[in-house]
Amino acid sequence: MKEAKKKKPETSIGVSISALGAFSVYLITGLFLAVGFWVVRDKYSVDLISDPSLTLRLLWIIEFPIVVIIYSLFRRNPEKCSYFRAVGRSILGLISGALINALGAVSLGAPIGMQSLPKTIHWSFLMSVFTVVPATAVFGASWADWHRVFASLKPTGNIEYMILIPAYGATIGGWFGAWPMPLDWERPWQEWPICVCYGAIGGYIVGQMVSLSLMILLRKHKSLKLA
């Protein structure tokens, strides 16, 4: 007889959130994104088509703080990881995520000239806010959590649905948004990274809606099982 059984790997513990709470998070972050567009339009009289570099820079600068402030509240093991430590690693996540997104974009054909470089940099920072920063705030450097959620696609709990699905939504939306770029329609919005950015933002919002729907469905399914 075996004296000890194999132990299952421990899962890190963090703060949970309800579907209503997730909706509130999405509403707040969406409002800040809308404020970013308003500031660009009202204060600088430009938009994503006329000045993509300035627009993208202001969007990620306005969106990043609120994403960090909110998602750091749901950090794993809060008794071991302070709030300010979660904020600090979110800043590192922003930079590393931007680098990964920039390298990925260039490898897939994004222009690398001096005229396009600022656009690529600020687009990469915005994509990092959508895809990497929430996970960095919550998981930190926990490879087990990153692999389980993003590679194995096995999220557990509403927070992980909030991290996974909008991130994939932004990535897939950006990929679909790139399709019109090589077409000879000669429209200003076909230039890099305008249509990609519209696709990423659209995909991010759709991802939020899908994740919220899944949270509600899973809650109903659990209620039916318990009944």
Side-chain angles (χ1 to χ4, degrees), residues 6-36 63-83 85-87 89-90 93-94 97 126-176 199-227:
K6 289 183 178 179
K7 293 182 180 180
K8 292 182 180 179
E10 294 182 1
T11 55
S12 50
I13 300 170
V15 182
S16 61
I17 190 172
S18 65
L20 181 60
F23 174 76
S24 300
V25 170
Y26 291 158
L27 185 62
I28 293 169
T29 55
L31 284 173
F32 270 74
L33 198 59
V35 166
E63 185 74 0
F64 172 66
I66 193 63
V67 170
V68 173
I69 288 169
I70 292 176
Y71 279 90
S72 293
L73 294 170
F74 306 108
R75 63 198 180 279
R76 289 289 188 259
N77 297 320
E79 68 283 353
K80 295 180 181 178
C81 174
S82 69
Y83 181 83
R85 182 179 176 184
V87 171
R89 68 193 188 190
S90 298
L94 173 72
L126 183 62
M127 286 297 293
S128 182
V129 173
F130 289 160
T131 59
V132 177
V133 171
T136 309
V138 175
F139 300 145
S142 173
W143 169 248
D145 285 324
W146 281 84
H147 186 272
R148 175 175 52 79
V149 173
F150 286 103
S152 300
L153 301 179
K154 293 179 180 178
T156 57
N158 290 349
I159 292 294
E160 294 183 4
Y161 281 106
M162 291 170 64
I163 291 170
L164 171 66
I165 301 176
Y168 269 95
T171 304
I172 294 169
W175 185 70
F176 275 107
I201 292 173
Y204 182 67
I205 294 170
V206 170
Q208 290 180 329
M209 294 169 62
V210 170
S211 66
L212 190 60
S213 300
L214 280 174
M215 292 177 209
I216 295 169
L217 288 172
L218 288 171
R219 182 183 176 185
K220 287 183 178 179
H221 180 67
K222 286 181 181 177
S223 299
L224 288 172
K225 286 181 74 175
L226 292 171

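On a predicted model such as this, the values are computed, not experimentally measured, just so you know.
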Within-4.5 Å side-chain heavy-atom neighbours: [X] and [Y]:
X: V138; Y: M162; answer: no
X: N158; Y: S16; answer: no
X: L94; Y: V129; answer: yes

Counterpart residues, side chain to side chain contact (heavy atoms under 4.5 Å, CB included), relative to [X] (two or more places apart):
X: I28; answer: F32, I66, I70
X: A170; answer: M127, F130, T131, Y204
X: V210; answer: I165, V206, L214
X: S82; answer: F84, R85

Partner set under side-chain hydrogen bond (donor to acceptor under 3.5 Å, both in side chains) for S211, not counting sequence neighbours: Y26
Qualifying salt bridge (charged side-chain N to carboxylate O under 4.0 Å, His left out) pairs, either residue in residues 153-170, two or more places apart: R76-E160, R148-E160
Donor-acceptor under 3.5 Å (R219 side chain, A19 main chain): no
Check [X] against [Y] and note the closest heavy-atom contact, atom names and distance.
X: S72; Y: S90; value: OG-OG, 3.9 Å
X: P134; Y: V67; value: CG-CG1, 3.9 Å
X: C81; Y: A86; value: SG-N, 4.0 Å
X: A137; Y: R89; value: O-NH2, 2.9 Å

Look up atom [atom1] in [X] and atom [atom2] in [Y], then write down how far apart they are to the nearest 0.5 Å.
X: L212; Y: L20; atom1: CG; atom2: CG; answer: 9.0 Å
X: T29; Y: I69; atom1: OG1; atom2: CD1; answer: 12.5 Å
X: M215; Y: L217; atom1: CE; atom2: CG; answer: 11.5 Å
X: L27; Y: Q208; atom1: CG; atom2: CD; answer: 10.0 Å

With sequence neighbours left out, write down each residue that passes ring pair (Phe, Tyr, Trp, His ring centres under 6.0 Å) with [X], or none if nothing qualifies.
X: Y161; answer: none
X: Y83; answer: none
X: F150; answer: W146

Parallel, tilted or perpendicular, as decided by the 30° and 60° cut-offs, for the rings of Y71 and F74: perpendicular
Neighbour count >12 (heavy atoms, 6.0 Å) for atom OH, Y168: yes
